[in-house]
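A short write-up of the structure that comes next.
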Amino acid sequence: MNKVFDLTQEERKEKTEKRITDQVIDYIREHYTEDINRNTLSERFHFSPEYIGKMFRKDIGTSLNDYINSLRVEKAKHLLENTNTKVIDIALEVGFDTLPYFSSVFKKYTGVSPAEFRKKE
């Protein structure tokens with residue numbers, strides 16, 4: 001009987017964590033242009049920054065920072081392909097503070113600089 005109770009508790013905990021992770025993802029997708037990190041998410045969802053990061057990695061398989069950066073890069077790619085907006089303006093629009101950091105992250109995820117990506121398209 002105790003094993004059944006323990007399993008039920010564990011299942012309930014996993015479902016709660018998954019729902020929280022889903023809420024975190026929804027929040028990130030709505031606010032990716034803002035300064036988002038474990039601390040801001042901790043304040044928003046009332047869990048420790050460490051717990052948010054650990055839970056996110058467990059459920060999604062990647063770090064919170066990698067998830068945010070990959071989302072921002074995907075949004076930037078779309079803008080680079082479909083607009084003539086300056087690269088610096090795209091960087092700022094998708095949530096990066098500086099052009100060098102944006103270019104570095106963009107190249108990490110795509111293998112090319114934002115300017116090279118735009119030329120290819």
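Fair warning: this is a prediction, and the values are worked out from it, not measured in the lab. For this chain, numbers begin at 1 and follow the sequence in order.
In this view, K77 and E74 satisfy the salt bridge (charged side-chain N to carboxylate O under 4.0 Å, His left out) rule, not counting sequence neighbours. For S70, the side-chain hydrogen bond (donor to acceptor under 3.5 Å, both in side chains) test picks out no residue, with sequence neighbours left out. A search for salt bridge (charged side-chain N to carboxylate O under 4.0 Å, His left out) contacts involving D66 returns K108, not counting sequence neighbours.
Between the CD1 atom in I36 and the CD1 atom in I68 there is a gap of 5.0 Å [rounded to 0.5 Å]. Residue L41 holds its CG atom at 12.0 Å from CD1 of I20, rounded to the nearest 0.5 Å. Residue T21 holds its OG1 atom at 9.5 Å from CZ of F45, rounded to the nearest 0.5 Å.
T62 places none of its side-chain heavy atoms less than 4.5 Å from the side chain of R57. Contact annotation: the side chain of I60 approaches that of I25 to within less than 4.5 Å [non-hydrogen atoms, C-beta and beyond]. Between P114 and F106 there is a side-chain heavy-atom pair separated by less than 4.5 Å.
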Under 3.5 Å, sequence neighbours excluded: what are the donor-acceptor pairs made by side chains of residues 84-104?
residue: T85; atom: OG1; partner: T83; partner atom: OG1; Å: 3.2
residue: T98; atom: OG1; partner: Y101; partner atom: N; Å: 3.2
residue: S103; atom: OG; partner: L99; partner atom: O; Å: 3.1

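Judged purely by atom type and a 3.5 angstrom limit, R118 uses its side chain to pair as donor or acceptor with the backbone of L80.
Pairs engaging residues 28-41 under the side chain to side chain donor-acceptor pair (under 3.5 Å) rule: R29-Y67, H31-E34 [sequence neighbours left out].
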